[in-house]
There are 2 protein chains.
Amino acid sequence: MVKITDVARHAGVSPSTVSYALSGKRPISEETRQRVEAAIRELGYRPHAGARALASSRSNVLALVVPLRAGIHVPVVMQFAVSVVTTARRYDHDVLLLTQEEGEDGLRRVADTALVDALIVMDVQLHDPRLPLLRSLERPSVMIGFPAEADGLTCIDLDFKAAGEACVEHLARLGHRVVALVGSPPEVYVRQTAFAQRVVQGFTAAADRGGLSSSVHPCEATPAGARLVAEQLLREQPALTGVVVHNEPVLEPLIDAFEQLGLRVPGDLSVTAICPDELAESVRVPVTSVPLPSAEVGERAVQLLMKKLGGSAVPEATLLPPRMTERASTAPRDA
Amino acid sequence: MVKITDVARHAGVSPSTVSYALSGKRPISEETRQRVEAAIRELGYRPHAGARALASSRSNVLALVVPLRAGIHVPVVMQFAVSVVTTARRYDHDVLLLTQEEGEDGLRRVADTALVDALIVMDVQLHDPRLPLLRSLERPSVMIGFPAEADGLTCIDLDFKAAGEACVEHLARLGHRVVALVGSPPEVYVRQTAFAQRVVQGFTAAADRGGLSSSVHPCEATPAGARLVAEQLLREQPALTGVVVHNEPVLEPLIDAFEQLGLRVPGDLSVTAICPDELAESVRVPVTSVPLPSAEVGERAVQLLMKKLGGSAVPEATLLPPRMTERASTAPRDA
DNA sequence: GCCAGGCGTCGAAGCGCTTCGACGGAGGAC
DNA sequence: GTCCTCCGTCGAAGCGCTTCGACGCCTGGC
């Protein structure tokens with residue numbers, strides 16, 4: 001193994017000079033830097049991560065806790081993860097993967113052993129048990145999602161409440177008076193997953209404000225679940241003309257089910273969704289949607305963490321505004 | 001931060017004794033061990049990962065390279081990842097997440113900096129450019145998937161060839177004489193992704209052996225792609241009665257398309273798939289399938305790595321035999 | 001009763017890097 | 001010309017842990 005002393009000898013300088021040339025923490029003359037860089041290249045030098053972590057008390061590794069529970073859409077999780085890793089690399093950091101299963105112990109472990117410098121936590125619940133832990137940790141963290149009480153913590157997410165509102169307002173603008181939200185599976189609400197709750201809040205608030213009649217329907221993430229909800233809606237809400245879907249796997253099956261029950265989209269029923277653009281576009285009837293900008297959220301989460309690691313203050317809450325794309329699934333009522 | 005010397009002082013022993021009590025690498029009297037453990041608990045001691053890595057030249061971290069290219073089924077990737085993380089934790093290891101995008105440089109980096117002790121690589125191609133790199137690395141690795149030439153490397157995967165054969169043989173046993181394989185999107189074959197190729201080999205070999213007439217059809221991973229292939233099959237293979245699907249997202253849409261074209265499953269057409277059990281079970285007509293045992297593959301991959309890290313020899317190739325589950329989508333021809 | 005051998009523990013020497021204080025020399029201010 | 005400053009570099013001291021050799025003591029064999 002080639003080490004920093006080898007590089008130093010080869011370049012005719014001291015090890016500390018090599019270190020400073022690498023980190024830029026002290027000025028090094030152009031000429032010396034060149035020699036050092038040449039030596040590094042010729043010898044194929046790679047600083048030892050452990051030694052570096054020990055001496056600098058920085059591991060340049062971030063922890064990412066991914067959810068693996070029922071009811072969350074896996075591709076979205078993966079998009080987050082990839083975006084986090086990619087962004088972290090831009091800041092010369094790596095990403096350690098933790099599963100929800102490891103729970104609080106896992107967080108504490110990687111933080112206390114100095115395996116990681118900072119943490120990103122996904123799938124936050126309104127009253128998440130990890131909140132006090134994150135507050136007590138001596139390392140910065142960012143949560144993707146908003147708990148009920150976020151004092152002293154840093155959170156970022158799509159503004160799901162505004163997204164719910166945007167969907168309803170879009171439907172209201174088109175003249176719809178009776179709307180329904182087809183949401184996540186029941187267990188997601190039972191767990192009080194923050195983002196699901198906020199969609200409901202926004203949906204309901206906007207409907208009330210606009211004087212619309214509204215109802216909320218959890219839905220199993222299967223085609224069968226979709227059919228069930230479609231039938232139920234038809235039965236219980238015959239005047240229904242607008243639907244908001246916040247449940248990725250169910251979007252296409254639900255539209256199929258409506259059509260099989262004789263409701264044309266958007267002729268009889270306008271449908272909007274909160275889901276990735278790819279999904280919205282790939283459905284037979286492209287769906288007017290508010291995408292969850294996972295790539296942006298992941299990137300911004302890492303950037304927040306980097307700022308915190310750099311000692312800067314960051315806003316406690318970052319809510320990304322929803323951006324709706326109109327597609328073929330919504331139309332004016334009585335059009 | 002509490003360190004090993006604090007623990008030692010508190011327990012009235014030397015630091016090395018604490019270390020040996022923790023690692024078990026030398027005998028320690030029961031009584032001393034108790035005192036050490038008590039001290040650790042009382043002080044909340046956590047060994048510093050970097051220091052440990054530096055002194056022992058073991059980081060207790062594994063690298064996992066996940067694919068993020070088009071045409072691979074994301075939930076399956078996630079299952080692998082979770083299984084790898086979970087198993088690694090059982091062996092007191094953590095997992096560093098690398099994306100395919102980082103490529104060979106990323107592998108070399110984490111290996112050379114001693115950030116990780118060993119590597120797991122997914123989505124192997126027949127002529128994978130990372131092969132020579134993995135051979136040259138001084139750290140053990142395991143590939144999930146089989147390249148064309150695996151000499152000197154360790155590979156594990158479902159025996160996709162046998163899986164393809166099993167599907168055909170099952171159909172042949174039921175009396176079907178004309179079969180088709182609906183496969184992955186074209187780009188997967190263009191890239192020569194190993195597992196996709198092997199399914200084709202097994203499918204074709206078994207069909208030839210059994211004197212069946214067979215054809216292979218790549219398929220875009222969208223409902224539209226499924227419809228296209230269904231129509232094409234109907235047109236070009238009117239005598240077709242058996243289909244093997246190896247393309248998760250397309251399974252349900254394909255069956256829908258067949259039924260809309262007037263073919264009943266399994267009445268007119270028997271369908272088998274290579275896909276996760278959950279998917280096979282969630283389709284309207286539960287599908288006879290060979291599951292990809294991702295959890296087992298991930299677990300075994302980690303175990304192989306642990307053996308290699310322990311200095312033991314391991315088999316170069318581990319092929320997990322396919323296990324078919326019969327469901328409602330297959331029936332005897334002319335039944 | 002004496003010596004060999006092993007068990008249990010200690011001390012010290014690193015592992016490879018960063019960082020702090022120091023220092024020589026060059027340049028600017030007066 | 002002198003003094004001060006700042007730039008660029010060096011040396012040494014750790015960072016917190018593991019591990020190797022050494023050593024004392026207890027046990028057992030004869």
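A, B, ... follow the sequence lines: proteins, then strands. Residue 1 opens every chain. In this text the structure is predicted, and so the values were computed from the model without any measurement.
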Output yes when [X] and [Y] qualify as a salt bridge under the 4.0 Å nitrogen-oxygen rule, no when they do not.
X: Arg90(B); Y: Glu299(B); result: yes
X: Arg135(A); Y: Asp151(A); result: no
X: Arg191(A); Y: Glu187(A); result: no

Distance only, no hydrogens: is a donor on one side chain within 3.5 Å (strictly under) of an acceptor on the other, for [X] and [Y]?
X: Thr86(A); Y: Ser83(A); answer: no
X: Ser29(A); Y: Thr32(A); answer: yes
X: Ser14(A); Y: Thr17(A); answer: yes

Subject >> Any donor-acceptor pair under 3.5 Å from Asp157(B) side chain to Phe146(B) backbone >> reply: no
Original post:
Thr193(A) side chain to Val188(A) main-chain N or O, any donor-acceptor pair under 3.5 Å?
Top reply: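 Confirmed, Thr193(A) side chain pairs with Val188(A) backbone.
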Original post:
For Arg9(B) and Asp6(B), what are the C-alpha separation, side-chain angles and deciding distance, and is it a salt bridge (Lys or Arg N to Asp or Glu O under 4.0 Å)?
Top reply: CA-CA 5 Å; Arg9(B) 200 176 319 116; Asp6(B) 301 326; 3.5 Å; yes
**OP:** Could you list where the contact with chain A starts and ends along DNA chain D, reading 5' to 3', using a 4.0 Å heavy-atom cut-off?
**Re:** dG8(D) to dG16(D)
Original post:
So which of residues 25-43 of chain A are in contact with DNA chain C, with a heavy-atom cut-off of under 4.0 Å?
Top reply: Lys25(A), Arg26(A)
**OP:** Could you check which residues of residues 5-20 of chain A get a heavy atom under 4.0 Å from DNA chain C? Sort them by number, please.
**Re:** Ser16(A), Ser19(A), Tyr20(A)
**OP:** Calculate, to the nearest 0.5 Å, the distance between atoms CZ and NZ belonging to Arg139(B) and Lys308(B) respectively.
**Re:**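 Here the interatomic distance stands at 13.5 Å.
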**OP:** Hey, which sits more toward the 5' end of DNA chain D by its nearest nucleotide, Ser23(B) or Leu54(B)?
**Re:**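 That would be Leu54(B).
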